[in-house]
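Nothing here was measured: the structure is a model prediction, and the numbers come from that model. Naming convention: chains lettered A, B, ... in sequence-line order (proteins, then strands); numbering from 1 in each chain.
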Amino acid sequence: MAGLHAALATRLQVGFDTVAPGWDPVLRPSSQAGTDFQANGALSLAKQMGQPPAELAAHVLASVDLQGVAVAEVHRKGFINLTLERGFLAASLAAAASDPRLGVDSVEVPWTVVVDYSAPNVAKELHAGHVRTTIVGDALCRLAAFAGHHVVRENHIGDWGTPFGMLIEHLVDIGEELGARELSVGDLDGFYRQARAVFDASDELKERARRRVVLLQSGDPETLRLWRILVDESMRYFSEVYHRLGVLLTPEDVVGESFYNDLLPGVVAELEAAGLLVDSEGARCVFPPGFAGRGGEPLPLIVQKSDGGFGYATTDLAALKDRFGRLRADRALYVVGAPQRQHFAMCFAVGRQAGWIPDGADAVHVSIGNMLGPDGKIFRSRAGEAVKLIELVEEAVSRAAGKVQEKSPGLSADEQAGVAQAVGVGALKYGDLSTDRAREYVFDWDRLLAMEGNTAPYLQYAVARIRSIFRRGGIDRSAYGSGRVPVTLDGPAERALARRLLGYEAAIQGALETWSPHKLCTYLFDLAGDFTCFFENCPVLRAATEETRDSRLELCAHTAAVLAHGLALLGIEAPERM
RNA sequence: GCCCCCGUAGCUCAGUUGGAUAGAGCGGCCGCCUUCUAAGCGGCGGGUCGCAGGUUCGAGUCCUGCCGGGGGCGCCA
């Protein structure tokens, strides 16, 4: 489906071409009440042509055919105001409704999009700091997949490195059975803290841990077996959390740091062959241009440490190469916290220098803003008590349950529980999705779990209300919302709703353009607002005529379909009743 | 010290890549449930878009400099 914007743009382009071929009509949704779109191209062109803008706009318009599509009007300042014809709006609406994709075209050129997100550390808690990367990453996966891209999820878990010497020895000390149990039931912090405490207090353990790391890196089978227990039991727990959160990640999506171990020497060799390696203070480094350290001196990406070992930078480079090489990614998304911005910028720069990122492909740091505590300081797990992600989920669901009990006592206990789950998890997710992902934000229980305003419950409620109309009227919902019932669009509320419904495609495109789910959230909130306005002003079941009733039922069904679909793209369920 | 991000209503945030009179939600005040779900709707009040310059027909949006907050800056990830 072409979309309203495209339909108008192509027609307007004809007019602008007669004056200045290829000139951008600058078509935008109108900021003025009563009109749908505005074309601002005449203003800037008028300046260049030395003509009054309004005159030029009129001239452009003279060769534009908008018959049956829209009515154009030239504002004295040179804006071309466009008001869509009701018939065109209705026909477009019917086309969108009849489309299983609700009027959203698949992309012309599908990409392979690799999405790196969540990335917890083995034997460490999934805490509140992971919640946003996990939720935003998941929503981006769903959005990209729906748009027609081939999505590869990658959970880059921290399953390697020196801490594993300590962790494995702790596992040996407390016994495999107990250790496995602690991890799988989610007492990861307890396990880690205890290991840390013993480690810090015992030189003997420090020495054992050091030797164990060597064994691990040399591939000692017994050590690997113990390591595997840590990884598997942690993953068992992570999967449980993902399941509760309704996140797509599974153990099959895990491509942890250890996966790249065998590739690291090759990465270094390749960088050396490319002449990018420099020895500096005993370490082997790449100095990508444009990065400076404290004294203004070039900033290195350390590829091999002075002791011969590899650090995280090498692993990230290997992953970068792997994603564009083996996986043939067109876009590699790193849904990672904002503080790592410079690190990834350097990695991407080196990857480009090394020729690993093909022309037309791109690596993108999908930066996630820091979560701040109430004091405005960065919210870190070490400072104060770390909030477990699962506790966040449980708190959200239990608060929602209280609300459901209060508002919907008529529902069965089972249904109440289901609604509480959907509403609680939805509220938690939507809180993270609905604001610009790159901006830092203040963590606040009350705001996060608020059930009013621009929140998931508001949207879920809108869907439930619509569905209840059909239930109340004893009407088969499937008969509507497929474009088979004529829509008349009599009043302004219906018209506004129709126009909004037709903006779904643009909303999804906008969200994908900058990998910003909050743009879809904003759209859905606006849509729900337009619907409630319509719902307040236009009786549906009690409509004056059969024809009007059907038209409005069609609008209802279409709205519910878009709302539920959009929420699903965000990873949020829409309960049948609330 | 250098670099990056942010600063919009009392609070939390949008603002479609430079367009017309800057918008929501929450909080405050007023009104609306015997009528399709009040987790809702309507209305009122609330702004030198951090400050000062600049670019141009036009700046919350772009440039420069300040102020304030956050983050980053070699062998942790």
Q: If you measure from OG on A:S516 to CZ on A:R437, what distance do you get to the nearest 0.5 Å?
A: 4.5 Å
Q: Using the ring of each side chain (for Trp, its six-membered ring), is A:W160 parallel, tilted or perpendicular to A:W227, with breaks at 30° and 60°?
A: perpendicular
Q: Reckon A:K305 has a side-chain N or O less than 4.0 Å from the OP1 or OP2 of B:C76?
A: yes
Q: Classify A:S44 by what it touches in the nucleic acid, base, sugar-phosphate, or nothing, heavy-atom distance under 4.0 Å.
A: base
Q: How far does the C1' atom of B:G60 sit from the matching atom of B:A9, given to the nearest Å?
A: 14 Å
Q: Under 4.0 Å between any heavy atoms, over every strand shown, what does A:R294 touch: base, sugar-phosphate, or nothing? Just pick one.
A: base
Q: When we call it a touch if two heavy atoms are under 4.0 Å apart, what does A:S280 touch: a base, just sugar-phosphate, or nothing?
A: base
Q: With the stacking rule set at 5.5 Å and 30°, tell me whether A:F79 counts as stacking on B:A20.
A: yes
Q: Can you name the atoms? Protein N/O to nucleotides 3-12 of chain B N/O, anything below 3.5 Å, with the distance.
A:
{"unit_1": "B:C4", "atom_1": "O2'", "unit_2": "A:R341", "atom_2": "NE", "d": "2.9"}
{"unit_1": "B:G7", "atom_1": "OP1", "unit_2": "A:R439", "atom_2": "NH1", "d": "3.0"}
{"unit_1": "B:U12", "atom_1": "O2'", "unit_2": "A:R447", "atom_2": "NE", "d": "3.3"}

Q: Does a nitrogen or oxygen in the side chain of A:T522 sit under 4.0 Å from OP1 or OP2 of B:A14?
A: no
Q: How many whole angstroms separate atom CE of A:M578 from atom P of B:A39?
A: 9 Å
Q: Are B:C36 and A:F535 stacked, with the base six-membered ring and the side-chain ring centres under 5.5 Å apart and planes under 30°?
A: yes
Q: Can you tell me whether the base of B:U17 sits syn or anti, using the 90° cut around 0 to define syn?
A: syn
Q: What's the gap between B:U61 and B:A52 when it is taken at their P atoms, as a whole Å value?
A: 13 Å
Q: Looking at CE of A:M166 and CZ of A:F199, how far apart are the two atoms once the value is rounded to the nearest 0.5 Å?
A: 6.5 Å
Q: Looking across every strand, which nucleic acid part, if any, lies under 4.0 Å from A:Q460 by heavy atom: base, sugar-phosphate, or nothing?
A: nothing
Q: Mark up nucleotides 27-32 of chain B, 5' to 3', with B wherever a protein heavy atom is under 4.0 angstrom from a base atom, S wherever such an atom reaches only the sugar-phosphate, and - elsewhere.
A: ------
Q: Using OP1 and OP2 only, check whether a side-chain N or O of A:H343 sits under 4.0 Å from B:C73.
A: no
Q: With rounding to the nearest 0.5 Å, note down the distance linking CZ in A:F470 to CG in A:L553.
A: 4.5 Å
Q: What is the distance, to the nearest angstrom, from the CG atom on A:L167 to the P atom on B:C76?
A: 17 Å
Q: How close or far is atom P of B:C73 from atom CE of A:M346, stated in whole angstroms?
A: 11 Å
Q: What's A:C538 touching, base or sugar-phosphate or nothing? Going by heavy atoms closer than 4.0 Å.
A: base
Q: Need one value for A:N121: base, sugar-phosphate or nothing, where a base atom within 4.0 Å counts as base even if backbone is also close, heavy atoms only.
A: nothing
Q: Could you tell me how far B:G58 sits from B:A20 if I compare only their C1' atoms? Round to whole Å.
A: 10 Å
Q: Quick one: label A:T514 by what it contacts on the DNA or RNA (base, sugar-phosphate, nothing), any heavy atom closer than 4.0 Å.
A: base
Q: Identify whether any heavy atom of A:N81 sits under 4.0 Å from a base atom; if not, whether one sits that close to sugar-phosphate; answer base, sugar-phosphate or nothing.
A: base
Q: Taking A:Y430 as the fixed residue, which of A:N454, A:T435, A:T455 is the one that meets the side chain to side chain donor-acceptor pair (under 3.5 Å) rule?
A: A:N454
Q: Mind telling me if B:C33 is syn or anti? Syn here is a glycosidic angle within 90° of 0.
A: syn
Q: What is the distance from CD of A:Q38 to C1' of B:U21, rounded to the nearest Å?
A: 13 Å
Q: Using the six-membered ring wherever Trp is involved, compare the ring planes of A:F531 and A:F534 and label them parallel, tilted or perpendicular (cut-offs 30° and 60°).
A: tilted
Q: Please give the stem ranges for RNA chain B, sorted by first residue number, where a stem is three or more consecutive Watson-Crick or G-U pairs and both donor-acceptor distances are under 3.5 Å.
A: B:1-7 with B:67-73, B:10-13 with B:23-26, B:28-32 with B:40-44, B:50-54 with B:62-66
Q: Between the base of B:A14 and the side chain of A:D526, is there a donor and acceptor pair under 3.5 angstrom?
A: no
Q: Applying salt bridge (charged side-chain N to carboxylate O under 4.0 Å, His left out) as the test, list every pair that has at least one member in residues 548-560 of chain A; sequence neighbours left out.
A: A:E494-A:R552
Q: How would you label the contact of A:A338 with the nucleic acid (heavy atoms, under 4.0 Å): base, sugar-phosphate, or nothing?
A: nothing
Q: Does OP1 or OP2 of B:A39 have a side-chain N or O of A:R465 closer than 4.0 Å?
A: no
Q: For A:I469, report the nucleic acid contact type (base, sugar-phosphate, nothing); a contact means any heavy atom under 4.0 Å.
A: sugar-phosphate
Q: OP1 or OP2 of B:C41 versus the side-chain N and O atoms of A:Y458: is any pair under 4.0 Å?
A: yes
Q: To the nearest 0.5 Å, tell me how far A:D526 CG sits from A:L497 CG.
A: 12.0 Å
Q: In plain terms, say whether A:K77 and A:E55 are close enough for a salt bridge, that is, a side-chain N and a carboxylate O under 4.0 Å apart.
A: no
Q: Since syn is defined as within 90° of 0, does B:G27 count as syn or as anti?
A: anti
Q: Please check the phosphate of B:C41 (OP1 and OP2 only) for any side-chain N or O of A:T532 closer than 4.0 Å.
A: yes
Q: Taking the C1' atom of each, how far is B:G54 from B:C11, in whole Å?
A: 34 Å
Q: Mind checking side chain to side chain donor-acceptor pair (under 3.5 Å) for A:S44 and listing every partner two or more places apart, or none if nothing turns up?
A: none
Q: Between B:G74, B:A39, B:C36, which nucleotide has the shortest distance from any of its atoms to the side chain of A:E297?
A: B:G74
Q: Whether the A:T83 and A:D36 side chains hold a donor-acceptor pair (N or O, under 3.5 Å, no angle test) is what I'd like checked.
A: no
Q: Roughly how many Å apart are B:G15 and B:C6, using the C1' atom of each and rounding to a whole number?
A: 16 Å
Q: For A:Q340, which contact category applies under a 4.0 Å heavy-atom criterion: base, sugar-phosphate, or nothing?
A: base
Q: Determine: side-chain N/O of A:Y312 to OP1/OP2 of B:A77, distance under 4.0 Å, yes or no.
A: no
Q: Using the side-chain heavy atoms of A:E513, tell me which of these nucleotides is nearest: B:G74, B:A39, B:U17.
A: B:U17
Q: Please work out if A:V26 contacts a base, only the sugar-phosphate, or nothing of the nucleic acid, heavy-atom cut-off 4.0 Å.
A: nothing
Q: For A:R471 and B:C36, is the shortest distance between a side-chain N/O and OP1 or OP2 below 4.0 Å?
A: no
Q: Can you tell me if A:T514 and A:K519 form a side-chain donor-acceptor pair at under 3.5 Å?
A: yes
Q: Describe, in one word, how the ring planes of A:Y334 and A:F344 are oriented to each other, choosing from parallel (under 30°), tilted (30 to 60°) and perpendicular (over 60°).
A: tilted
Q: Using a heavy-atom cut-off of under 4.0 Å over every strand shown, decide if A:L299 touches base, sugar-phosphate, or nothing.
A: sugar-phosphate
Q: When rounded to the nearest 0.5 angstrom, what is the spacing between CG in A:L301 and CE in A:M346?
A: 5.0 Å
Q: Among residues two or more places apart or on two chains, list those pairs meeting salt bridge (charged side-chain N to carboxylate O under 4.0 Å, His left out) that have a residue in residues 336-348 of chain A.
A: none
Q: Looking at B:A20, I'd like to know if its phosphate oxygens (OP1 or OP2) sit under 4.0 Å from a side-chain N or O belonging to A:K77.
A: no
Q: Heavy atoms under 4.0 Å, any strand shown: does A:G158 hit a base, just sugar-phosphate, or nothing?
A: nothing
Q: Which value, rounded to the nearest 0.5 Å, describes the distance between A:T315 atom OG1 and A:N261 atom CG?
A: 7.0 Å
Q: Using atom NE2 of A:H365 as one end and atom P of B:G72 as the other, report the distance to the nearest whole Å.
A: 13 Å
